[in-house]
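Order of the sequence lines fixes the chain letters, A, B, ..., with proteins taken first and strands second; residue numbering starts at 1 for each chain.
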Amino acid sequence: MTEQETLGYDFDEAEPKWQAKWDGARAFAADDHPAADKPKYYVLEMFPYPSGQLHMGHVRNYALGDVVARYKRARGFSVLHPMGWDAFGLPAENAARERGVHPGQWTLDNIAAMRGTLQRLGFSLDWEREIATCLPEYYGHQQKLFLDMWRKGLVERRESAVNWDPVDNTVLANEQVVDGRGWRSGALIEKKRLSQWFLKITDFAAPLLEGLDKLDRWPARVRVMQERWIGRSEGARVRFALHAPPSGYDVDLDAVEVFTTRPDTLFGMSFVAIAADHPLAAKVAAGNDAARGFIEECQRLGTSEEAIEAAEKRGFDTGLRVSNPFAPDETVPVWIANFVLMDYGTGAVFGCPCGDQRDLDFARKYDLPVRPVILPPGEEPSTFTVGKTAVTGDGTLYNSGFLDGLGTVEGKRKAIKRVEAMGVGRGVVNWRLRDWGISRQRYWGCPIPVVHCESCGAVPVPDDQLPLKLPEDVTFDRPGNPLDHHPSWKHVSCPQCGADARRETDTFDTFVDSSWYFARFTAPQAGTPTDPIAANSWLPVDQYIGGIEHAILHLLYARFFTRAMKETGHLDIDEPFGGLFTQGMITHESYRDENGWLSPEDVVRSGEGYVRRDNGQPVQLGRLEKMSKSKRNTVSPTAIIERFGADTARWFVLSDSPPERDMEWTESGVAASARFGQRLYRLVQAVATQVPQNAAFAEGGRSLRQATHRSIKAVTEALENFTPNVAVARLHELSAALAEAEKTTEDGIGAARREAALTLALLVAPMMPHLAEEMVALLEPESAMVVERSWPVALEEFIALDSITLGIQIMGKLRGTIEVPPDAPSDMVLPLAEAEPNVARMLEGKRIVKRIHVPNRIVNFVVAG
RNA sequence: GCGAACUUGGCGGAAUGGUAGACGCACGAGACUUAAAAUCUCGAGUCCGUAAGGGCGUAUGGGUUCGAGUCCCAUAGUUCGCACCA
């Protein structure tokens, strides 16, 4: 071992040492009831699914959160920073099927491995609050929450058409169907009718929408996404009376109800279109083979993006006709159309070809009448005709009886008033949001605490029997739900009448588990789902950090749950997350040869390109991709920690890229981070050995002290702004200033160096906490740990500049600079500026029209000639 | 189709309307070394010029302003979200 190495910083020894000291001091433990003399700060990162391996995305996520937590703690906040596991889910069952491991054991093993990695990274987490959603200590309380919501009318059981994933053999919520495919399996989703449990999220549609306005520390795009998902639209429901059906149809409905946002265009109606799965369509199909054929074709086509793109608007004329309430003498045909969605509105629309492009296309295709009812500005009623483009902008209503001459807004208002007066409709607000179906036909989830009894119906499991635990002895030898296959579990007696009954064998959607964990963290040992005092004093989460992929599902469900928990008395807040930050992904170069993707470990740089490490064969450089197993471009955090240490890994993921953007993982970047750590250690070591602790300040150290205090200011601002990359850059500058000071011998430089070194340690601490402790221990061996210290304070006297370099512009172009005292007045600055040699030369022969002096900023001369 | 965001050196990026390119990576030169690694120092937007200095530069074209990477309008490209929503 060389001397150099023995003098260097040994993270292998230091990191576990400091982690043990922090644990010993319970440095990160929070109280359920936060201290009244300190402001509270709850920082939370989205808890991970225990897949078995922590990945770099997690490291970035938790490093960001840890910077906030450590910084806020140093700033005097009482900080809650917990960690847990989103531990139910399908991969555990797949592992059971594939490898014969029990899902519970598989999950707990994974948690142990990932917890170990998190602890090696030295995050300032309160491990005493750790929760795992798969443990009865957690999910029993969730069952209680469900039952309380049921009692409050927020739960419903009903039969409905559900999204059935034929690969995962389960139901999915609408939110979990992406482009007509299951979000996890990618399988084409089928429609099935099943009895399901629903949480009535639609009861909160309006408050969930309005609440978005107050979330000013959320990214705007997340708010927009939720707004559109909730999808409020104002319009009217209108019933059209059915005329006597042709013989052969067994139609017992007497009207078709539509939803429209344009009741003002009712006079332009030329057809009504219903969805293929509309009840009326089914009745028509019962007596008409052609109709049945058309409906089946529509269902085959599906709703995937490509299908929608390719599908032409097609329809089938049922032969039925309805009357127009505004024009009682007229009837229009009822078509079944492939573009009408049963899920939205009433599953039926009226077609006004003049005012809607899709209706116009449909009318042209099937040769339906196009009656002009909206006159665009500047057109004459006598000459205007509707060609290929519908009038979707503003216009004046005409050919519209009592609505003639009105604009859109006034026309809508009057039309709604009229249908209400006629008793055929009413103004309504329609929502796109659907209730949340939470039944899943899975084993590894929270059991739904319900018993089905022949005579009593669905009966809640009594509270004193909670938690209702999952049985351990299940088999995965055939498809479907193992709970349902279990020989005895589902056979119970009715809690109400004692008769033989059947236990519900569905489990909750795992999104339920993550919809309230942030509240459980505030009092994880409580005997009730929450300790309301703890929940109300810690919540809302001040800073929530996670991936953009949860912009809708998780965040909307959690917002709903918080309101539902308020309704059921478990807490008393509306919004769970005051501030939200969505961090970018980590990307990496990808490599492949003719046999497929190659891992970075199998590849070495060679000249301009890359070759295989084993046989030197050339490798093709692929795109920058999100780290993923399929592209084999992942880098394992444990490997990085072993080679470079936790601090280096943390520092690197915080450097360079702003956290909301994607960042590229590079070997050279990691190496540079490691180098910087060593450099800091050396600088501090030099100070510790060369400068006595009691060294006195003197005028000589002033410029270093200025650098130190300006760094405090700059780093503080950067952390407040959530830009650790800028903080990193400022810390590089301070370390350069400290290195520069080693060369000087002026009076007082020693004390200034000590101050700079200690400040450096305190400022890097949120990012590199272990190294920071080591630095402080070198400088002040007998004193407090960094985690017990306050954030440094920037002294104003060193922030103020002694002199200012002022740029001199001529016509907005920089032509020179001068040094002036701060706040120098114009009558001093302007003559100096004009006299600056280069400026004077450029001004020669010109006339100065205007002299602009912005103190401490700029001088600009406007010239003529 | 609708909506949003983004576009700055070879690369990641910095910049309350006021000296564009901080800081880092990669690169080049030098010091130390028998040598290499490590470390340290210096250099660098681009074009012209020995230099002093100047021209041009923040996707493109316009505008507002004494002054625009930053504000406004249009265009292009990239990315993301939603998508037959009545």
Side-chain angles (χ1 to χ4, degrees), chain A residues 2 4-5 8 178-179 219-229 231-233 235 258-262 265 272-273 275 303 305 307-309 311-313 337-341 343-352 355-359 361-362 430-432 548-549 551-552 624 652 655-658 660-664 666-673 675-676 678-679 682 714 717-718 723 725-733 735-736 739 805-818 837-838 841-842 849-863:
Chain A
T2 68
Q4 193 64 255
E5 276 164 314
V178 179
D179 295 343
R221 64 180 177 138
V222 174
R223 296 205 308 259
V224 169
M225 281 160 76
Q226 292 215 351
E227 189 183 319
R228 290 169 70 116
W229 189 267
R232 181 183 195 276
S233 68
V258 302
F259 172 70
T260 177
T261 57
R262 293 298 302 274
T265 64
V272 162
T303 53
E305 194 174 321
I308 290 166
E309 205 67 49
E312 9 165 19
K313 311 291 176 257
N338 65 347
F339 60 83
V340 181
L341 305 172
D343 282 349
Y344 188 77
T346 62
V349 299
F350 82 80
C352 171
D356 183 279
Q357 190 60 47
R358 193 187 48 208
D359 293 347
D361 295 345
F362 193 77
N430 192 64
W431 304 89
R432 186 180 174 272
I548 186 72
E549 67 272 18
I552 296 176
L624 268 188
F652 176 61
S655 306
D656 291 353
S657 294
E660 69 276 12
R661 261 190 245 181
D662 290 352
M663 72 165 297
E664 190 193 348
T666 60
E667 268 292 303
S668 55
V670 184
S673 295
R675 210 151 57 218
F676 182 68
Q678 292 293 343
R679 177 186 157 97
R682 272 197 309 275
E717 276 172 12
T723 50
N725 54 317
V726 178
V728 163
R730 298 295 164 245
L731 288 163
H732 272 279
E733 287 173 338
S735 82
T805 308
L806 212 53
I808 321 284
Q809 298 177 336
I810 297 171
M811 300 298 284
K813 280 193 172 297
L814 185 74
R815 295 303 175 190
T817 59
I818 54 173
N838 199 45
R841 190 174 57 80
M842 302 283 289
V849 182
K850 198 171 176 185
R851 296 172 171 81
I852 293 145
H853 171 225
V854 182
N856 303 331
R857 290 255 179 249
I858 203 80
V859 172
N860 190 15
F861 294 115
V862 183
V863 298

Met811(A) and Asn860(A) have their tightest heavy-atom pair at N-OD1, 3.3 Å

| said: Categorize Asn725(A) for me: base, sugar-phosphate, or nothing, with a 4.0 angstrom heavy-atom threshold over every strand shown. | reply: sugar-phosphate

*asked:* Over all strands shown, is Asn430(A) touching base, sugar-phosphate only, or nothing at heavy-atom distances under 4.0 angstrom?
replied: nothing

Atom CD of Gln809(A) and atom C1' of A68(B) are separated, to the nearest Å, by 11 Å

Arg841(A) atom CZ is separated from A51(B) atom C1', nearest whole Å, by 13 Å

Between Thr265(A) and Phe350(A) the two heavy atoms that sit nearest each other are OG1-CZ, 3.7 Å

Regarding the side chain of Val854(A), the nearest nucleotide among G18(B), G53(B), G24(B) is G18(B)

The nucleotide from C25(B), G18(B), A86(B) with an atom nearest the side chain of Thr261(A) is A86(B)

> If you measure from the P atom in G9(B) to the same atom in C47(B), how many Å do you get, rounded?
Replying inline: 15 Å

Touch check for Arg815(A), heavy atoms < 4.0 angstrom, all strands: base, sugar-phosphate only, or nothing? sugar-phosphate

**Message:** Measuring only the C1' atom in each nucleotide, how far is G67(B) from U19(B)? A whole number of Å is fine.
**Reply:** 12 Å

Rounded to whole Å, CG of Asp343(A) lies from C1' of A83(B) at a distance of 14 Å

Take Leu806(A) and His853(A), measure what side-chain contact (heavy atoms from CB on, under 4.5 Å) needs, and give me the verdict at the end. CA-CA 10 Å; Leu806(A) 212 53; His853(A) 171 225; 4.1 Å; yes

Checking A26(B), A86(B), U19(B) against the side chain of Leu814(A) (C-beta onward), the nearest is U19(B)

In Watson-Crick or G-U wobble terms, with both distances under 3.5 Å, the base opposite A76(B) is U7(B)

Hey, does the side chain of Asn430(A) reach the backbone of Ser233(A) with a donor-acceptor pair shorter than 3.5 angstrom? no

In whole angstroms, the gap separating P of A86(B) from CG of Asp359(A) amounts to 11 Å

Under a 3.5 Å limit on both distances, the Watson-Crick or wobble mate of U50(B) is none

Taking C66(B), G54(B), A86(B) as options, the one with an atom nearest any side-chain atom of Asn838(A) is G54(B)

Re A22(B): Watson-Crick or G-U wobble partner, both distances kept under 3.5 Å, found to be none

Next on the checklist: Mind checking if Arg675(A) touches a base, just sugar-phosphate, or nothing, with heavy atoms under 4.0 Å?
Outcome noted: sugar-phosphate

Using Watson-Crick geometry (N1-N3 plus N6-O4 or O6-N4) or G-U wobble (N1-O2, O6-N3), each under 3.5 Å, C56(B) is paired with G45(B)

Answer for the Watson-Crick or wobble partner of A86(B), both distances under 3.5 Å, is none

Protein N or O to nucleotides 4-6 of chain B N or O, pairs below 3.5 Å:
none

Rounded to whole Å, NZ of Lys813(A) lies from C1' of A20(B) at a distance of 12 Å

Between CZ of Arg223(A) and P of C82(B) the distance, given in whole Å, is 18 Å

Closest to the side chain of Pro658(A), out of C23(B), G13(B), A86(B), is G13(B)

Atom CZ of Arg432(A) and atom C1' of G81(B) are separated, to the nearest Å, by 11 Å

Give one of base, sugar-phosphate or nothing for Thr346(A), where a contact means two heavy atoms less than 4.0 Å apart.
nothing

Taking G81(B), C66(B), A86(B) as options, the one with an atom nearest any side-chain atom of Ile852(A) is C66(B)

Glycosidic torsion of G57(B) (syn if within 90° of 0, anti otherwise) classifies it as anti

In Watson-Crick or G-U wobble terms, with both distances under 3.5 Å, the base opposite C2(B) is G81(B)

5'-most contact on RNA chain B (nearest-nucleotide basis), Gly807(A) vs Ala672(A), goes to Gly807(A)

Heavy-atom nearest nucleotide on RNA chain B taken for Val728(A) and for Arg679(A); more 5' hit belongs to Val728(A)

For Leu814(A) and Gly807(A), the nearest pair of non-hydrogen atoms, with its separation, is CD1-CA, 3.8 Å

For this session: Quick one: sort the Phe362(A) and Phe339(A) rings into parallel, tilted or perpendicular, breaks at 30° and 60°.
Result: perpendicular

Review point. Do side-chain atoms of Thr723(A) reach the backbone of Asn725(A) as a donor and acceptor pair under 3.5 angstrom?
Key: no

Taking C25(B), C85(B), C84(B) as options, the one with an atom nearest any side-chain atom of Asn338(A) is C84(B)

Checking C23(B), G13(B), U19(B) against the side chain of Ala729(A) (C-beta onward), the nearest is C23(B)

- prompt: Would you call Asp656(A) and Met663(A) a side-chain contact if the rule is heavy atoms closer than 4.5 Å?
  reply: no

**Message:** Base, sugar-phosphate or nothing for Val340(A)? Non-hydrogen atoms, less than 4.0 Å.
**Reply:** base

For U39(B), the nucleotide meeting Watson-Crick or G-U wobble distances (both under 3.5 Å) is A31(B)

**Prompt:** So does Arg232(A) get a side-chain nitrogen or oxygen closer than 4.0 Å to the phosphate oxygens (OP1/OP2) of C85(B)?
**Reply:** no

Practice prompt. Look at atom CZ of Arg221(A) and say whether more than 12 heavy atoms of other residues, nucleotides or ligands are closer to it than 6.0 Å.
Written response: no

From CZ of Arg228(A) across to P of G1(B) the rounded distance in Å is 15 Å

Against the side chain of Ser668(A), the closest entry in C25(B), A14(B), C40(B) is C25(B)

Taking U19(B), A22(B), G13(B) as options, the one with an atom nearest any side-chain atom of Thr817(A) is U19(B)

